[in-house]
Structure formats: C-alpha cells, structure tokens
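We're numbering straight along the sequence, starting at 1.
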Amino acid sequence: MNPTYKKLIGVYEMKKVLIALFSVGAILGLSIHFFGLQIGLALFNKPIYMIPPSVYRLTKDALTIMENYGVYAKETGFEKEIPNYLAQVKKDDTFDDVVPMLNEAIKEAGGDHSAIIEVQEDKAPLFNPALLTFPRILAEDNIVTLILPSFPASDEENVHTYVTTALEQLSKISDPKGVIIDLRGNTGGNMMPMLGACAPFFKEGKLFEFTSPNKKIPVFKKDGKICFEEDNLSLPTNLNFHHLPIAVLTDHQTASSAEVVLVALLGQDHVSSFGEETAGYATGVSMIPLYGKYALSLAGAKIKGSNGILYEEKPILPDVITDHPEDAALKWLKSIH
C-alpha cells in the first residue's frame with residue numbers, strides 16, 4: 001500500500017474517532033445541562049452542573065427537590081406554590097438573598113425538621129469532640145438505668161466506642177429485673193449508635209420503617225446487627241434483655257433520632273414511657289448537597305413503628321405524664337416484679 005495513502009487512512013480514522021468523542025461529549029454535556037438535576041440525584045444524590053448555575057436555576061432545582069422528596073409536599077399542595085416562590089427571585093439576587101425564602105419553602109414541603117444548611121467545605125469538625133458524652137449505666141435493686149446521650153451525625157470515628165461503652169457495662173449486670181432508658185435531653189444525631197446501645201432490649205426483626213409516598217425502608221435487628229439499607233452496625237456482644245420490662249424517660253428535648261429510638265422501644269413488649277412529651281421531630285431526614293456551601297436538610301419520610309403507629313412531626317406523649325419520671329418508672333417496674 002502506498003505510504004501516503006496509508007497515512008491518509010490513518011488521519012481519516014483519527015478524525016472519525018475525534019468526531020465520535022466530540023459527539024459523545026456534546027450529548028453528555030447537553031444531557032447534564034438539561035437534566036443535571038435528575039442525573040445527579042440518581043447517581044450522586046445531588047444535582048450536577050456543567051457551568052455555575054444561575055440563582056434562578058439553583059432556586060428552581062431546590063424547589064423541585066423539595067417537591068419530589070419533601071414528606072409533606074403532596075399534602076400541602078407544594079407544587080402549586082413553586083411559581084409563587086420563583087416569582088420572588090430578582091435578577092440581581094445572589095443565592096444568599098433567596099435562602100430565607102427557601103427556608104420558608106422547605107418547611108412547607110418537609111416540615112419544621114427541614115432547613116437550608118451550610119456545609120463546611122474544609123471538612124473541619126462540626127462539633128467539639130471534648131463535649132462528646134457516652135452512655136452511662138447505673139444499677140440499683142436489680143433495676144438497670146441506661147442514660148443515652150445524643151450522638152453527633154458528623155462523628156464517624158466514635159460510633160463503635162459509643163455502642164461498646166453501653167454494651168460492655170450492660171454485660172456486667174447480673175440478674176436484672178427491669179430497665180430504665182433515659183432519653184431526656186437527647187436532641188438526636190446519628191440514630192445507629194443509639195439503636196446499637198439499646199440492641200439488647202430489641203427482639204430480632206423489624207424495629208420500625210421509614211415510609212414515604214415513594215418507598216418504605218425498614219430498620220431491623222438481625223444476626224447480631226442493626227441493619228438500615230447498606231448500613232449494617234455489628235454488635236460486639238449478643239446480650240438479650242428484651243424479655244425485661246422497660247421504662248423510657250422523655251422530655252421536651254427528646255428529639256429527632258432520640259424519638260426514633262423511642263419509637264423502636266415502644267414497639268417492643270412490656271414497655272411504658274414516663275415524663276414529658278417529646279419535641280416532635282420523628283421524621284427521617286436526608287442531607288442533599290445543592291451547590292457550593294449550601295445543602296438541603298430535608299425530611300422525606302415519616303416513621304411507622306412495629307406497633308403499627310405512624311409517627312411524624314408531632315410530639316410523642318408518654319404513657320404517664322409526670323414531673324417525677326424516675327420515681328414513677330421505678331414504682332411501675334417494682335410493681336411488675
């Protein structure tokens with residue numbers, strides 16, 4: 001073959017490859033430009049953009065996420081309000097200017113448990129580790145008290161320590177006759193270590209489920225683990241105290257994930273609650289990054305206990321309303337055994 005002709009064929013083939021790559025890139029770019037919200041949410045749990053979005057585009061995408069995933073969006077007719085919110089966006093607005101309006105919108109779609117939040121891009125700690133507290137166990141007259149503090153959602157390093165601190169102390173208690181689980185002052189955070197610390201008081205099986213118009217996600221105890229989607233928390237011991245009567249103490253600060261733990265306990269046998277009504281944030285919240293420093297902390301699911309009761313953004317009333325929950329709990333436990 002003529003070398004010149006052979007070279008021309010090579011150039012032609014290279015042009016075909018480049019044209020094909022350009023076409024694929026153009027199609028991909030156009031897809032992201034027009035469908036970056038849908039593609040990004042499906043693949044990365046956040047919208048993606050080829051170029052920095054305008055304030056109007058970003059606002060519209062945030063409102064669309066609220067419409068599709070907010071736990072109350074369908075109930076409140078949120079879709080009809082979107083044009084009214086978009087009409088408030090002015091040409092010279094920055095995204096900071098529209099955040100207050102979006103905070104009103106997200107509470108309509110997701111309730112009071114939802115908000116527009118700022119994330120720390122430098123990955124600095126979101127809490128002071130020196131303030132972190134772990135579960136404590138008290139035992140008197142064969143009654144075990146488990147004091148369960150909140151656990152920061154941003155702390156991934158101390159999950160195991162939180163759980164083992166509780167279970168190792170519980171393993172040293174001989175012949176308990178009843179249990180008090182103190183959730184007072186627990187404002188929430190990561191539910192998994194709290195559920196792990198309470199695992200000995202749960203039967204095997206479903207503890208509760210997150211339920212939304214789109215899907216239902218169960219949380220259950222199985223084979224020495226607390227399981228929630230792909231998040232499986234292994235338990236270091238296989239203690240089994242679920243046959244014991246359990247008194248749960250609550251107050252107005254018992255909130256969010258602490259209320260989730262309460263729901264899980266109320267689905268067990270021989271459980272009664274004492275104290276004050278809870279804060280009323282028993283919904284499942286997801287953090288959806290938006291763009292730059294902003295994210296949506298959006299409540300997208302109600303919680304259905306294994307007792308069949310549906311919990312949401314309403315305070316959970318204790319079985320016994322009292323200003324002296326420890327005394328009432330002890331009296332109830334002693335009356336049983």
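Both Val163 and Phe202 are assigned to one and the same hydrophobic cluster, defined by single-linkage of ILVMFWY side chains at heavy-atom distances under 4.5 Å.
A side chain to side chain donor-acceptor pair (under 3.5 Å) check over residues 161-175, counting only residues at least two apart or in different chains, returns the pairs Asp175-Lys177. Every pair passing salt bridge (charged side-chain N to carboxylate O under 4.0 Å, His left out) that includes a residue from residues 299-308 is listed here, sequence neighbours excluded: Glu75-Lys302, Lys302-Glu312. Judged as a ring pair (Phe, Tyr, Trp, His ring centres under 6.0 Å), the pairs with a partner in residues 226-271 (not counting sequence neighbours) are, in order, Phe210-Phe228.
Hydrophobic side-chain contacts under 4.5 Å tie Tyr72 into a cluster, directly or through other members, with Val71.
A search for side chain to side chain contact (heavy atoms under 4.5 Å, CB included) contacts involving Val260 returns Met191, Phe208, Ile303, not counting sequence neighbours. Residues passing the side chain to side chain contact (heavy atoms under 4.5 Å, CB included) test with Leu317 are Glu277, Ile321, sequence neighbours excluded.
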| task | Applying side chain to side chain donor-acceptor pair (under 3.5 Å), run through Asp96 and Tyr294 and close with a yes or a no. | result | CA-CA 9 Å; Asp96 288 345; Tyr294 286 110; 2.5 Å; yes
| Candidate pair Thr187 and Gln253, rule side chain to side chain donor-acceptor pair (under 3.5 Å), full reasoning | CA-CA 6 Å; Thr187 55; Gln253 290 185 304; over 6 Å; no
| task | Assess whether side chain to side chain donor-acceptor pair (under 3.5 Å) is satisfied between Thr64 and Asp61, documenting all intermediate values. | result | CA-CA 5 Å; Thr64 300; Asp61 285 352; 5.1 Å; no
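For Glu79, the CD atom sits in a loose shell: 12 or fewer heavy atoms of surrounding residues, nucleotides or ligands are nearer than 6.0 Å. Other residues, nucleotides and ligands contribute only 12 or fewer heavy atoms inside 6.0 Å of the CG atom of Asn238.
Ala73 and Met66 get closest at one heavy-atom pair: CB-O, 3.6 Å.
Residues Glu326 and Arg184 have side chains in contact (heavy-atom distance under 4.5 Å, counting atoms from C-beta outward).
Using a 4.0 Å cut-off between a side-chain N of Lys or Arg and a carboxylate O of Asp or Glu, Lys331 and Asp327 do not qualify as a salt bridge.
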